[in-house]
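Below: one structure, written as structure tokens.
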Amino acid sequence: MTDEVGVITGDLVVATDTEGDRATITVQYASAEEWYTVTGSPLTVVGRDGQWVHAAVVRAAAAGLPAGLEEMDVE
């Protein structure tokens with residue numbers, strides 16, 4: 001689920017930008033230029049580095065996130 005266009009599916013690229021205790025997650029179609037903000041982003045992430053957050057988001061996206069990050073447990 002994205003803020004801009006709702007649910008997107010297919011081959012996607014996931015980007016995770018961490019700054020301090022905040023992680024902004026964006027996605028794009030694999031062959032597109034437009035990036036979309038995943039609903040629930042930015043996340044507050046304490047005690048986790050950017051690589052851990054990115055891996056967790058990729059796993060969750062592969063499983064499906066119909067409500068965006070609001071249903072993801074990053075603890």
Side-chain angles (χ1 to χ4, degrees):
M1 175 68 74
T2 67
D3 292 344
E4 297 85 358
V5 296
V7 175
I8 61 174
T9 61
D11 292 332
L12 303 173
V13 176
V14 177
T16 305
D17 180 33
T18 56
E19 187 172 319
D21 64 351
R22 306 288 280 175
T24 301
I25 314 302
T26 54
V27 294
Q28 74 175 168
Y29 288 107
S31 60
E33 293 183 20
E34 299 86 5
W35 286 91
Y36 304 109
T37 304
V38 175
T39 300
S41 182
L43 292 170
T44 299
V45 182
V46 178
R48 301 291 185 177
D49 66 15
Q51 290 179 330
W52 184 93
V53 174
H54 182 77
V57 170
V58 169
R59 283 192 307 274
L65 286 171
L69 298 172
E70 296 163 354
E71 66 185 38
M72 184 179 156
D73 180 12
V74 292
E75 296 298 323

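Since the structure is predicted, the reported quantities are computational estimates derived from the model, not experimental observations.
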Show me the side-chain donor-acceptor pairs of residues 1-9 shorter than 3.5 Å, one per line, residues at least two apart or across chains.
residue : atom : partner : partner atom : Å
Thr2    : OG1  : Val5    : N            : 3.2
Thr2    : OG1  : Gly6    : N            : 3.2
Thr2    : OG1  : Gly6    : O            : 2.7
Asp3    : OD1  : Thr39   : OG1          : 3.1
Glu4    : OE1  : Thr37   : N            : 2.8
Glu4    : OE2  : Thr37   : N            : 3.3
Glu4    : OE2  : Thr37   : OG1          : 3.2

Name every donor-acceptor pair, under 3.5 Å, that has one atom in a side chain of residues 21-32 and the other anywhere in the protein, sequence neighbours excluded.
residue : atom : partner : partner atom : Å
Arg22   : NH1  : Thr44   : OG1          : 2.6
Gln28   : NE2  : Ala32   : O            : 3.0

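Under a hydrophobic clustering in which Ile, Leu, Val, Met, Phe, Trp and Tyr are joined whenever their side-chain heavy atoms come within less than 4.5 Å, directly or via other members, Leu43 and Trp35 fall into different clusters. Hydrophobic clustering keeps Val13 apart from Val58 (ILVMFWY residues linked when any side-chain heavy atoms are closer than 4.5 Å, directly or through intermediates).
Smallest separation of non-hydrogen atoms from Arg48 and Val53: CB-CG2, 4.1 Å. Listed here is the closest heavy atom pair of Thr16 and His54: OG1-ND1, 2.7 Å.
In this structure, Asp11 places its CG atom where only 12 or fewer heavy-atom neighbours from other residues, nucleotides or ligands lie under 6.0 Å away.
For the atom pair OH (Tyr36) and CG (Leu12), the distance works out to 10.5 Å, reported to the nearest 0.5 Å.
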